[in-house]
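Just below is one structure, and these are the notes that go with it.
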Amino acid sequence: MRSWSRGIFVLLYLALLLKIEGLKFHRSEHTERISGSAGDVLEDNPVGRLKVFVYELPSKYNKKILQKDQRCLNHMFAAEIFMHRFLLSSAVRTFNPEEADWFYTPVYSTCDLTPNGLPLPFKSPRMMRSAIQLISSNWPYWNRTEGADHFFIVPHDFGACFHYQEEKAIERGILPLLQRATLVQTFGQRNHVCLKDGSITIPPYAPPQKMQSHLIPPDTPRSIFVYFRGLFYDVGNDPEGGYYARGARAAVWENFKNNPLFDISTEHPTTYYENMQRAIFCLCPLGWAPWSPRLVEAVIFGCIPVIIADDIVLPFADAIPWEDIGVFVAEKDVPNLDTILTSIRPEEILRKQRLLANPSMKQAMLFPTPAQSGDAFHQILNGLARKLPHDKSTYLKPGEKSLNWTAGPVGDLKPW
């Protein structure tokens, strides 16, 4: 009797929502202006506000690595490659290091993939140390600040901690030589050793052309209430099931696998992107790390992201009004997910959808080729520009040093 009643409720709820959507959403403007400081920042133009010097490193640090494995162009850590390409032709690039505000070291630290396409972080610390030793030996700019006016793209699961398992990432900590540099990374979690103050949190890479090819008519009804495809358990790496996603994904499956509100499965259909465009809510739970490409996909496809990752620091949080476009659910509250989502008023859902439909919101989450105004490249530059001018503490006194070149695990000190 209870399941029958729930089924009737689902039908009535969706019918009500779709009716309101037809009356209010499709007959009015499909987008809503992002108001306040967030919207203004999102549309900032960084050109003229900073200059970046790009170190010319031997190709073994970047281009040769990519030549060995072209898959690196499509995996979710590819921001390091596309940011390098963007900066080479960007209007903010300067060839005169004396006038540079920032220095960029192009190292493709995630382009070391297993046969299954998973990145291996184990060579990354030695590779990064080698690159820093090179620039500190051949140019004077690192030594005058010990990297405080340098930025690095570190899109690993746990950023410059260079490990995909949190326990080991915490044990390692951020690579000591990067302690003064600005880190541009996908990982973001408050009060975590792998996120240092001043870091810029960015979205993971999602192929823009691939997503563009799966767009369906914008007036297609959203007939799926909650959508998710992905792992609920990682048996290979977490046989007991309590560590992966801190149990949040397992809780989603155990509580809602038979709930008609929830279209959830481990199967990844060819219509995955199309289904997201037919869904009202898309679950974005943590996995091994708090972030995933689902966040980008949800925003691009106008599906309200349901963010289940305690203390997550979201991409470009000073520019994107995440509280307005998403729904935040504490990991401990996952068993109440159905109640939480069905309690949201249809008018609030429609407002979130209108904000998500704003082109500037979608643009900020993408690394397109060629680059476009307001995209993720420009949001990174905006973040760097907002840190200027550098504080006096950026520059060291003659003979002053603070970094320990021999700190860290013994394995990291081996030549690369």
Side-chain angles (χ1 to χ4, degrees), residues 68-78 108-127 154-173 185-189 192-194 204-207 227-258 262-270 272-273 275-276 282-298 306-312 331-332 334-335 337 409 411-412:
K68 292 179 182 178
D69 198 335
Q70 291 289 308
R71 293 178 301 167
C72 295
L73 286 169
N74 295 307
H75 71 55
M76 61 185 175
F77 301 142
Y108 298 171
S109 64
T110 66
C111 191
D112 182 17
L113 306 182
T114 66
N116 293 330
L118 299 175
L120 294 171
F122 309 118
K123 296 178 184 176
S124 301
R126 288 186 289 128
M127 183 181 183
V154 282
H156 277 283
D157 290 278
F158 290 93
C161 287
F162 295 124
H163 208 286
Y164 59 88
Q165 290 183 336
E166 184 174 20
E167 201 172 68
K168 293 180 180 177
I170 291 173
E171 182 181 331
R172 287 186 52 84
Q185 59 186 66
T186 45
F187 172 74
Q189 183 173 319
H192 198 286
V193 298
C194 298
Y205 179 79
Y227 189 71
F228 176 79
R229 290 296 183 273
L231 290 177
F232 297 99
Y233 301 90
D234 187 346
V235 178
N237 294 300
D238 181 29
E240 296 180 5
Y243 187 62
Y244 177 62
R246 295 197 284 260
R249 291 198 187 198
V252 169
W253 178 250
E254 296 302 332
N255 284 279
F256 305 112
K257 58 187 174 185
N258 296 319
F262 287 68
D263 186 346
I264 60 176
S265 172
T266 56
E267 297 177 3
H268 206 287
T270 56
Y272 173 69
Y273 284 155
N275 291 346
M276 291 188 86
C282 287
L283 301 185
C284 301
L286 73 161
W288 283 111
W291 60 272
S292 82
R294 289 180 190 82
L295 197 63
V296 177
E297 295 161 350
V306 179
I307 299 160
I308 307 170
D310 294 352
D311 296 323
I312 188 172
E331 294 165 26
K332 67 178 179 59
V334 167
L337 196 53
D412 291 359

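Just so it is clear, the structure is predicted and the values come from calculations on it, not from any experiment.
For Asp238, there are no salt bridge (charged side-chain N to carboxylate O under 4.0 Å, His left out) partners two or more places apart in sequence or in a different chain. Evaluation of the ring-ring contact (aromatic ring centres under 6.0 Å, His included) rule for Phe228 yields Phe232 as partners, not counting sequence neighbours. In this structure, the side-chain contact (heavy atoms from CB on, under 4.5 Å) partners of Cys111, at least two apart in sequence or on a different chain, are Ile65, Cys72, Tyr108. Checked against side chain to side chain donor-acceptor pair (under 3.5 Å), Glu331 has the following partners two or more places apart in sequence or in another chain: Arg246. Annotation: salt bridge (charged side-chain N to carboxylate O under 4.0 Å, His left out) contacts of Asp311 (sequence neighbours excluded): Arg190. The side chain to side chain donor-acceptor pair (under 3.5 Å) check on Glu166 picks up His192, with sequence neighbours excluded. Residues meeting the salt bridge (charged side-chain N to carboxylate O under 4.0 Å, His left out) test with Lys257, sequence neighbours left out: Glu254. By the side-chain contact (heavy atoms from CB on, under 4.5 Å) test, Gln70 is found to be paired with Leu66, Leu73, residues two or more places apart in sequence or in another chain being considered. Listed by chain and number, the residues in a side-chain contact (heavy atoms from CB on, under 4.5 Å) with Lys332 are Ala330 (sequence neighbours excluded). Scanning for salt bridge (charged side-chain N to carboxylate O under 4.0 Å, His left out) contacts around Asp69 gives Arg71, with sequence neighbours left out. Residues satisfying the side-chain contact (heavy atoms from CB on, under 4.5 Å) criterion with Ala245, sequence neighbours excluded, are Arg249, Leu286.
With contacts defined as side-chain heavy-atom distances shorter than 4.5 Å, the pair Phe122/Asp112 does not qualify. Residues Val296 and Pro204 have side chains in contact (heavy-atom distance under 4.5 Å, counting atoms from C-beta outward). Counting heavy atoms from C-beta outward, Arg294 and Cys282 have side chains that stay 4.5 Å or more apart.
The two residues Cys161 and Arg172 make their nearest non-hydrogen contact at O-NE, 3.0 Å. Minimum heavy-atom separation, Pro290 to Ala309: O-CB, 3.8 Å. Residues Ile308 and Ala248 share a closest heavy-atom pair of CG2-CB, 4.2 Å. Summarising the geometry of Trp288 relative to Asn237, their closest heavy-atom pair is CZ2-CB, 3.4 Å, with the distance given to 0.1 Å.
To the nearest 0.5 angstrom, Leu283 atom CG is 10.5 Å from Arg229 atom CZ. Put simply, CZ on Phe262 and OH on Tyr227 are 14.5 Å apart, with the number rounded to the nearest 0.5 Å. Asn275 CG to Asp263 CG: the interatomic distance, rounded to the nearest 0.5 Å, is 6.5 Å. Atom CG of Asp157 is separated from atom OG1 of Thr186 by 7.0 Å, given to the nearest 0.5 angstrom. A distance of 5.5 Å separates CH2 in Trp253 from CD1 in Ile264, rounded to the nearest 0.5 Å. For the atom pair Gln165 CD and Tyr243 OH, the distance stands at 6.5 Å (nearest 0.5 Å).
Ring orientation note: the planes of Phe187 and Phe158 are tilted relative to one another, at an angle of 30° to 60°. Ring geometry for Phe77 versus His75: interplanar angle over 60°, hence perpendicular rather than tilted (30 to 60°).
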Go through the steps for Phe162 and Val154 under the test side chain to side chain contact (heavy atoms under 4.5 Å, CB included), then give the verdict. CA-CA 9 Å; Phe162 295 124; Val154 282; 4.1 Å; yes
- Carefully, step by step, assess Gln189 and Ile312 under the rule side chain to side chain contact (heavy atoms under 4.5 Å, CB included). CA-CA 4 Å; Gln189 183 173 319; Ile312 188 172; 6.0 Å; no
Trp291 vs Met76, side chain to side chain contact (heavy atoms under 4.5 Å, CB included): CA-CA, chis, key distance, verdict: CA-CA 11 Å; Trp291 60 272; Met76 61 185 175; 3.8 Å; yes
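The side-chain hydrogen bond (donor to acceptor under 3.5 Å, both in side chains) pairs that include a residue from residues 116-127 are Ser124-His156, where partners are two or more places apart or lie in different chains.
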